Amino acid sequence: MGFILTTTNLTKTYGKKDAAKDINIHVREGEIYGLIGRNGAGKTTVMRVISGLSKATSGSYELFGENKFGVGVLIESPGIYPTMSAEENIRLKCIALGCNNRDYIQSLLKTVGLENTAQKPAGSFSLGMRQRLGIALALVGDPKMIVLDEPINGLDPQGIVEVRKTLERLKNEKGITIMISSHILDELSKLADSYGIIHEGRLLDEFTTEELTDRCGRYVTVRTDDNSRALEVLQAAGFTNSVIDDNKDIRVDDAIHQTIEMNSILVNAGIGVKELLIKNTSLEDYYLSVTGGKHNG
């Protein structure tokens, strides 16, 4: 599948500061692309440029297969009229874009799960409902790609699930390409097919979910009734790639086929094994390793 968006040395400078420098992004058609980085890393700057809301200082970007309405956008808070219903908010944008049709508006409401809101004013919506209305507004005009900046930030667990299901429907049923940024990396890992890591204005890495698994591999995590002693026992038994991780559990690399042996060694040493699991390196772990341990927050 080809790329729907590519950027070439995309740079945006404010005064003497490069908010984004030489960014080369590749987004495949029909995928969800997760843009990762802490506050001020340059994520929103890149999104604003490719959405036409800001002009690049240098470099370029290309959109393939776009229709006349371009890219759908939800950056920061959705621009809604609080005294109007969801239907009325969408109708206003439809009128502006020349696609005002009741059936079309109803289809957009159904797509984001707001078809039963009737004339309820948008100002009384939960944050999750307002975000879904913002996504519906981004979909007006049937863009082939939408850009969403932190759409799940600040949502409660139910709101996060609702937005995630909406985005999955857009990808799987409508074939819409989605670029999304998020601080909630565990949630983003449930959605995205590819990722780009931006740090201090530069794109440090770009990879697919499959590539992340291949690069990071798997490891064993062990939890016992005495992890300090258990670590000494395992290292003495030859499991030298063992450490106490940030969760105070034991992490053992290069030993996923030796879990039975590890368990026997610990039990024979009189150590109670509470948990022994094979895990994949998380998106957050990889992000921290690439950025030098600086969390995005």
Side-chain angles (χ1 to χ4, degrees), residues 2-81 89-90 92-99 131 133-153 167 170 176-183 188 192 194-207 291 296:
F3 296 118
I4 193 171
L5 167 70
T6 60
T7 70
T8 304
N9 297 326
L10 193 70
T11 299
K12 179 64 178 180
T13 304
Y14 294 100
K16 295 182 179 180
K17 179 177 174 56
D18 292 324
K21 178 68 173 177
D22 295 330
I23 302 294
N24 296 298
I25 282 175
H26 307 82
V27 180
R28 293 174 182 84
E29 186 175 2
E31 76 171 359
I32 297 179
Y33 185 100
L35 199 57
I36 307 170
R38 61 184 177 84
N39 288 333
K43 305 187 305 298
T44 301
T45 297
V46 171
M47 288 181 153
R48 289 181 64 84
V49 171
I50 65 175
S51 302
L53 299 177
S54 183
K55 186 177 180 180
T57 303
S58 63
S60 62
Y61 67 93
E62 292 184 83
L63 287 163
F64 301 91
E66 68 181 59
N67 66 13
K68 63 181 179 180
F69 297 122
V71 177
V73 184
L74 174 56
I75 292 180
E76 298 175 348
S77 300
I80 61 177
Y81 292 94
N89 271 279
I90 295 174
L92 279 180
K93 187 168 182 180
C94 285
I95 291 172
L97 294 179
C99 55
Q131 289 297 90
L133 176 54
I135 293 171
L137 290 168
L139 292 171
V140 173
D142 299 324
K144 292 185 180 294
M145 177 177 177
I146 59 174
V147 175
L148 310 174
D149 188 21
E150 301 285 355
I152 59 176
N153 191 32
L167 298 182
L170 293 178
I176 294 175
T177 305
I178 302 169
M179 175 182 276
I180 175 175
S181 68
S182 177
H183 285 142
L188 188 61
S194 297
Y195 305 88
I197 295 178
I198 291 185
H199 185 64
E200 296 180 349
R202 293 183 178 271
L203 186 72
L204 299 186
D205 198 3
E206 197 174 45
F207 52 92
T291 59
N296 63 321

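Bear in mind that the values here come from a model prediction, so they are computed numbers and not experimental data.
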Inset, instruction - Supply the atom-to-atom distance I90 CD1 to L139 CG, rounded to the nearest 0.5 angstrom. - result: 9.0 Å
Legend entry - Inter-residue atom distance L204.CG - I36.CD1, 0.5 Å rounding: 11.0 Å
Legend entry - Nearest heavy atoms of P143 and A138, plus distance in Å: CG-O, 3.4 Å
Inset, instruction - Taking all non-hydrogen atoms of both residues into account, name the closest pair between P78 and G134 and its distance. - result: CB-CA, 3.6 Å
Inset, instruction - Might you point out which heavy atoms bring A20 and T45 nearest each other, and give the distance in Å? - result: CB-CG2, 4.2 Å
Legend entry - Within-4.5 Å side-chain heavy-atom neighbours: I146 and L74: no
Inset, instruction - Verify side-chain contact (heavy atoms from CB on, under 4.5 Å) between F64 and T6, making sure each step is shown before the conclusion. - result: CA-CA 9 Å; F64 301 91; T6 60; 4.0 Å; yes
Inset, instruction - Compare every heavy atom of S194 with every heavy atom of E31, then report the nearest pair and how far apart it is. - result: OE1-OG, 2.8 Å
Inset, instruction - Check step by step if side-chain contact (heavy atoms from CB on, under 4.5 Å) holds for E29 and M145. - result: CA-CA 8 Å; E29 186 175 2; M145 177 177 177; over 6 Å; no
Legend entry - Gap separating the CG atom of N153 from the CG atom of L148, nearest 0.5 angstrom: 13.0 Å
Legend entry - Sub-4.5 Å side-chain heavy-atom contact between I180 and P151: yes
Legend entry - Taking every non-hydrogen atom, the tightest pair across A41 and I198: O-CG2, 3.0 Å
Legend entry - 4.5 Å side-chain heavy-atom contact, L5 and V71: no
Legend entry - Pair Y33-E206, side-chain contact (heavy atoms from CB on, under 4.5 Å): steps then yes or no: CA-CA 10 Å; Y33 185 100; E206 197 174 45; 2.7 Å; yes
Inset, instruction - Give, for atom NE2 of H199 and atom CG of D205, the distance between the pair rounded to the nearest 0.5 Å. - result: 13.0 Å
Legend entry - Residue pairs passing the ring-ring contact (aromatic ring centres under 6.0 Å, His included) test where at least one lies in residues 43-63, sequence neighbours excluded: none
Inset, instruction - Would you indicate whether the side-chain heavy atoms of T8 and S60 approach each other to under 4.5 Å? - result: yes
Inset, instruction - Check whether any side-chain N or O of K43 sits under 3.5 Å from a backbone N or O of S181 as a donor-acceptor pair, and report yes or no. - result: no
Inset, instruction - For the residue pair F207 and I197, establish whether any side-chain heavy-atom pair is separated by less than 4.5 Å. - result: yes
Inset, instruction - Please answer whether the main-chain N or O of Y81 pairs with a side-chain N or O of N89 as donor and acceptor at a distance below 3.5 Å. - result: yes
Inset, instruction - Would you please name every residue forming a side-chain hydrogen bond (donor to acceptor under 3.5 Å, both in side chains) with T13, sequence neighbours left out? - result: D18
Inset, instruction - Measure the CG-CG distance between L137 and L92 for me, rounded to the nearest 0.5 Å. - result: 9.5 Å
Inset, instruction - For the residue pair N39 and H183, establish whether any side-chain heavy-atom pair is separated by less than 4.5 Å. - result: yes
Inset, instruction - Using a 4.5 Å cut-off on heavy atoms from C-beta on, say whether the side chain of I25 contacts that of M179. - result: yes
Legend entry - Matching residue for L203 among T7, D22, I23 - test: side-chain contact (heavy atoms from CB on, under 4.5 Å): I23
Legend entry - Straight-line distance of I4 CD1 to L63 CG, nearest 0.5 Å: 7.0 Å
Legend entry - Side-chain donor/acceptor of T177 to backbone N/O of G30, under 3.5 Å: yes
Legend entry - Evaluation steps, side-chain contact (heavy atoms from CB on, under 4.5 Å), between E150 and M47: CA-CA 11 Å; E150 301 285 355; M47 288 181 153; over 6 Å; no
Inset, instruction - Please tell me if the side chains of I135 and L167 come closer than 4.5 Å, counting only heavy atoms from C-beta onward. - result: yes
